[in-house]
There are 2 protein chains.
Amino acid sequence: MTHRLPHLNGLRAFEAAARHLSFKTAASELGVTAGAVSQQVRKLEETLDVPLFRRLPQGLLLTDAGERYLPSITRAFEDLTRATEAIAPDINAKKFNIGVSSEARLVLPQEWPKRDKRLTAYVRSVIETNDIDLVRTDEVDCLIRFGDGPYGDLAVIAMPLVKAAAAQPAELHFVCKPGLADCRQSKAILESLDDGLSPSG
Amino acid sequence: MTHRLPHLNGLRAFEAAARHLSFKTAASELGVTAGAVSQQVRKLEETLDVPLFRRLPQGLLLTDAGERYLPSITRAFEDLTRATEAIAPDINAKKFNIGVSSEARLVLPQEWPKRDKRLTAYVRSVIETNDIDLVRTDEVDCLIRFGDGPYGDLAVIAMPLVKAAAAQPAELHFVCKPGLADCRQSKAILESLDDGLSPSG
DNA sequence: ATGAAGACTCAGTTTTTCTAAACCTCGACG
DNA sequence: CGTCGAGGTTTAGAAAAACTGAGTCTTCAT
C-alpha cells in the first residue's frame, strides 16, 4: 500500500491547532511561532482543497470536514507516539513540556526558559496555561503557577519569591506528577527557576 | 496529549523501506533517491537511538525493534491515508503509482516517464516490479510488463511493439484494475507509451 | 479612544531534505 | 581470478520547506 498523504508537518500543525482551537497555543506546543502554524494549516487546506477551520472573530472553529478529520488524525499520531515509546522509551524521557500561568510568567526572567542554556536539553516546549488538569493528562509535564490547588495527588514544590510585590502571593508552585518530581528535568528546571527568581537574576 | 515524535518524514522513509526491505524500492515509491531514504532512516535510528535495519551484504533485514515497530507505523499511516481520503477524495485521484517490469523497462525510452512532461500531472512514482498482485493490493495503480497473466479480473491493454527484438514478445501489457482502465491518468500514460514505443520515439 | 489578543501576511533566513556522483561490498559469471 | 551489476552509503552542494520577526487587521474589553 503506497500512501498518498499531504505534508506530515501540516497534519501535525492541524492536529495541534484543532485540539487547542488556537494557533497560538498549538504553536507553543509545537515549539514554533503562530505564523508558522498558520502557514502550515493554510498549506494543508490548499493541498486537500478543503477548509478545515472557520476563522471567526471570536476565535477558531472547526469546519465539518475538520471536525470529522480531527479524531482520526489525533488517533494516528497517538499510535505513532505509542509505538515509538514502545521501542525507544528514552525518547520520552528527554524533554519536558512546561506549562506556565500568565501570572507566573510575569515574575520569571524575560524569555525564560529560552535564555537558560542549561535547559535546552530538558525542555521541549512552553505553553501558557493555568489548568492543573493538563498535568494529569500529560499535556504538560509540569506547571508553574501561583495559588493553591487543590492539587490532589500531584507533587508540588514551592519556591519563595524574594522580591514579592505587594499584591502577589509569596510562593510560586512547581506542579508535576509525583513520579517526575525529582527527575533530571525537574531538577534542572527548578534550579533555573531558583536562579531566575533570586535578586541577582 | 502532546506528541513526542521523531521527524515524520523519517518515519515515512522507514515504513516504506521496511515494507519493501529495500531502500531503492522505497525510494521509488516515495519519489526520491535511495540516498535520501538512507539518510532519513539513519537519522531516525539516531534520534531513537535504536537500530531498525540490519544491513547485510545480501540486502536489508529488520532488527527486532524494527520488526516490532513496523506494523504500528504502517497502520498509523494507513489510518492517516484513510482519514484523508474520507474528507478529500480528490487527493486520491490525482497521481498514479506505476509498476514497470525490468524487461519492459528496456524497451521504454530512457528515464521514461520523467522526460514526458505531459505525465507530470498524472504520475507520482515508478517502481520496478513484475508482481501482478501489487495491482490488486493497490500498491501500484498500473503495471507495465511483458507476458501473459493469468490476469484474472484485471484489465489489460496490449500495445504492439514495432521494433520488437528477436527474442522478445511482440506485445507490451498495461495492466490495471478495470475501474482505472480509461481514466485520465491511464489515457495519458498509454498515449505516452504509444509515442515512446513508436519508431520515432 | 485605547490596549490587548489572536490571526494573517510577507520578506528574508535558517533548517531540512534532496540530488548527483563517487565509493564500497558482495555475489554471479565467464 | 577479473569484471560486472546491484544495492547501500557517503559527501558536497543545491533545492525546497519551514520558521522567524515585524507589521497589519479585527474584535473585544476597558
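So that the names make sense, note that chain A is the first sequence line, chain B the second, and so on, each numbered from 1. Keep in mind it's a predicted model, so treat the numbers as computed, not measured.
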_Glu29(A) bridged to Arg19(A) by N-O distance under 4.0 Å_ = yes

*asked:* I want to check one thing: is the phosphate of dG8(D), taken as OP1 and OP2, less than 4.0 Å away from some side-chain N or O of Ser38(B)?
replied: no

*Under the 3.5 angstrom rule, does the side chain of Asp141(A) hit a backbone N or O of Asn97(A) as a donor-acceptor pair?*
yes

*Between Glu191(A) and Lys187(A), does at least one N-O distance fall below 4.0 Å, as a salt bridge requires?*
no

*Atom-pair distance (CG on Leu21(A); P on dA5(C)), nearest Å*: 19 Å

Which atom pairs, donor and acceptor, lie under 3.5 Å between side-chain atoms of residues 68-76 of chain B and protein residues at least two apart or in another chain?
residue  : atom : partner  : partner atom : Å
Tyr69(B) : OH   : Thr84(A) : OG1          : 2.6
Thr74(B) : OG1  : Glu15(B) : OE2          : 2.7
Thr74(B) : OG1  : Leu70(B) : O            : 3.1

_Value in whole Å for how far the P atom of dT27(D) lies from NZ of Lys24(A)_ = 19 Å

_I need the CZ-C1' distance between Arg42(A) and dC8(C), as an integer number of Å._
8 Å

*Taking atom P of dG6(C) as reference, at what distance in whole Å does atom CG of Leu60(A) sit?*
11 Å

*Short side-chain N/O contact to dT17(C) OP1/OP2 from His7(B), under 4.0 Å*: yes

*To the nearest angstrom, how far is Leu44(B) atom CG from dT17(C) atom P?*
11 Å

*Nearest-Å distance, CD (Glu128(B)) to P (dA6(D))?*
8 Å

_I'd like to compare against my own output: the B/S/- annotation of nucleotides 18-30 of chain C with a strict under-4.0 Å heavy-atom distance to protein._
BB------S----

*Report the residue from Ile127(B), Leu143(B), Val126(B) that forms a side chain to side chain contact (heavy atoms under 4.5 Å, CB included) with Ile98(B).*
Val126(B)

*asked:* What is the separation between atom CD on Glu46(A) and atom C1' on dA17(D), rounded to the nearest whole Å?
replied: 14 Å

_Minimum heavy-atom distance Cys142(A)-Cys176(A), with the two atoms named_ = CB-CB, 4.0 Å

*asked:* To the nearest 0.5 Å, what is the distance between CD on Gln40(A) and CG on Leu30(A)?
replied: 9.0 Å

*Side chain of Lys43(A) only, please: which of dA17(D), dG7(D), dT9(D) is the nearest?*
dA17(D)

_Atom pair distance, as rounded to whole Å: CG in Leu8(B) and C1' in dA18(D)_ = 13 Å

Please list each protein N or O that sits under 3.5 Å from an N or O in nucleotides 14-16 of chain D, with the distance.
none

*Does OP1 or OP2 of dG6(C) have a side-chain N or O of Arg55(A) closer than 4.0 Å?*
no

*If you take all heavy atoms of Thr129(B) and Gly99(B), which pair is closest and at what distance?*
CG2-CA, 3.9 Å

*Using the side chain to side chain contact (heavy atoms under 4.5 Å, CB included) rule, pick out the option among Leu5(A), Leu11(A), Asn9(A) that qualifies with Leu8(B).*
Asn9(A)

